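Below you'll find the structure, written out as structure tokens, and then a few comments.
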2 protein chains.
Amino acid sequence: MKNKKYIKGFLEDIVLHLINEQDEMYGYEITKKVQNLTKGAIAVSEGALYPILHKLENEKKLTATFKKVDGRTRKYYTITPEGGKTVASSSTELIDFFSGMQQIFNLKPVVK
Amino acid sequence: MKNKKYIKGFLEDIVLHLINEQDEMYGYEITKKVQNLTKGAIAVSEGALYPILHKLENEKKLTATFKKVDGRTRKYYTITPEGGKTVASSSTELIDFFSGMQQIFNLKPVVK
DNA sequence: TTTCATACCTAAGAATCAAATGTATTATAA
DNA sequence: TTATAATACATTTGATTCTTAGGTATGAAA
């Protein structure tokens, strides 16, 4: 499993972005979602994920409710208006960063 | 100056890639090159850069020679065959990572 | 009945970078 | 002419962020 180091700094953005898109998600679901979307290229470790979810909840960017599904307790997270602002602003930062990386590595443009 | 946190994990790749492309570069030149290429979106701090250059030199991925230009001493770095291998392999990892990020953030494809 | 998948969580440590600081030279501006 | 900015190297301290490893518990499959 490579690409471990590359995820540094992106985890929070990934989490907020995915929850923002799906309305509600639980932690374990996020790890699987990232695996599927990236075909295993990017892995989110639980040791990193849960502390970030708690931090975002603490910062009122996410709210959470427990639900019992098939005997298992899931903690569902939803984005707050506050969290929505963060998603929007970090999205432009991400695009700037990726554009920069493309210039450095001369890849084709990502976003138009 | 944003995007600070995003650079984590990429610095070594950036350094190797740029030196690989330009044949030889010195540290200060790298910081300026990144600024210009990315229009300020990405900044390489010297506190991070120099230790990485020394580390890569130590690992025999770079070799260095001092040259005096206009009264100023520059330390020019060149890539080694060893370093070339690292560039090649990390390049595919980078592409995988970026492809993954595009899937997550549904942006347009970077590489063909 | 044991193992795998699901689902939550925390603690300790490593890795990586930013900020600050330091030295020295040259060029520019006041 | 003298102060400041730009060039060019470097180190140290500390913060942030993740990995590794561990722990608990349930349900399904072998």
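Within every chain, numbering begins at 1; the chains are lettered A, B, ... in the order of the sequence lines, protein sequences first and strands thereafter. What you see is a predicted model, and the numbers here were worked out from it, not measured in a lab.
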Inset, instruction - Take atom CD of A:Gln35 and atom C1' of C:dA7, then tell me their distance rounded to the nearest Å. - result: 14 Å
Inset, instruction - Please check if the side chain of A:His54 supplies one atom and the backbone of A:Tyr50 the other of a donor-acceptor pair under 3.5 Å. - result: yes
Legend entry - Whether A:Thr80 side chain and A:Lys60 backbone form a donor-acceptor pair below 3.5 Å: yes
Legend entry - 5'-most by nearest nucleotide on DNA chain D - A:Asp70 or A:Leu11: A:Leu11
Legend entry - Rounded interatomic separation in angstrom, taking NZ from A:Lys67 and C1' from D:dT26: 20 Å
Inset, instruction - Answer yes if the side chains of B:Gln103 and A:Asn36 hold a donor-acceptor pair under 3.5 Å, and no otherwise. - result: no
Inset, instruction - Would you mind reading off the distance between B:Phe10 atom CZ and C:dA15 atom P, rounded to a whole angstrom? - result: 19 Å
Inset, instruction - Give the rounded distance in Å between these two atoms: NZ of A:Lys55 and P of C:dC9. - result: 16 Å
Legend entry - Row check, A:Tyr26 ring normal vs A:Lys75 NZ/CZ: under 6.0 Å, within 45°: no
Legend entry - C:dT16 base / A:Lys8 side chain donor-acceptor hit below 3.5 Å: no
Legend entry - Contact pattern, 5' to 3', of nucleotides 4-12 of chain D - B, S or - by protein heavy atom under 4.0 Å: --BBBBBBB
Inset, instruction - Send over the distance from A:Phe97 CZ to C:dC17 P, rounded to a whole Å. - result: 10 Å
Inset, instruction - Using heavy atoms to find the nearest nucleotide of DNA chain D for A:Glu12 and A:Gly71 separately, return the residue whose nucleotide is more 5′. - result: A:Glu12
Legend entry - Donor-acceptor contact below 3.5 Å, side chain B:His17 vs main chain B:Val87: no
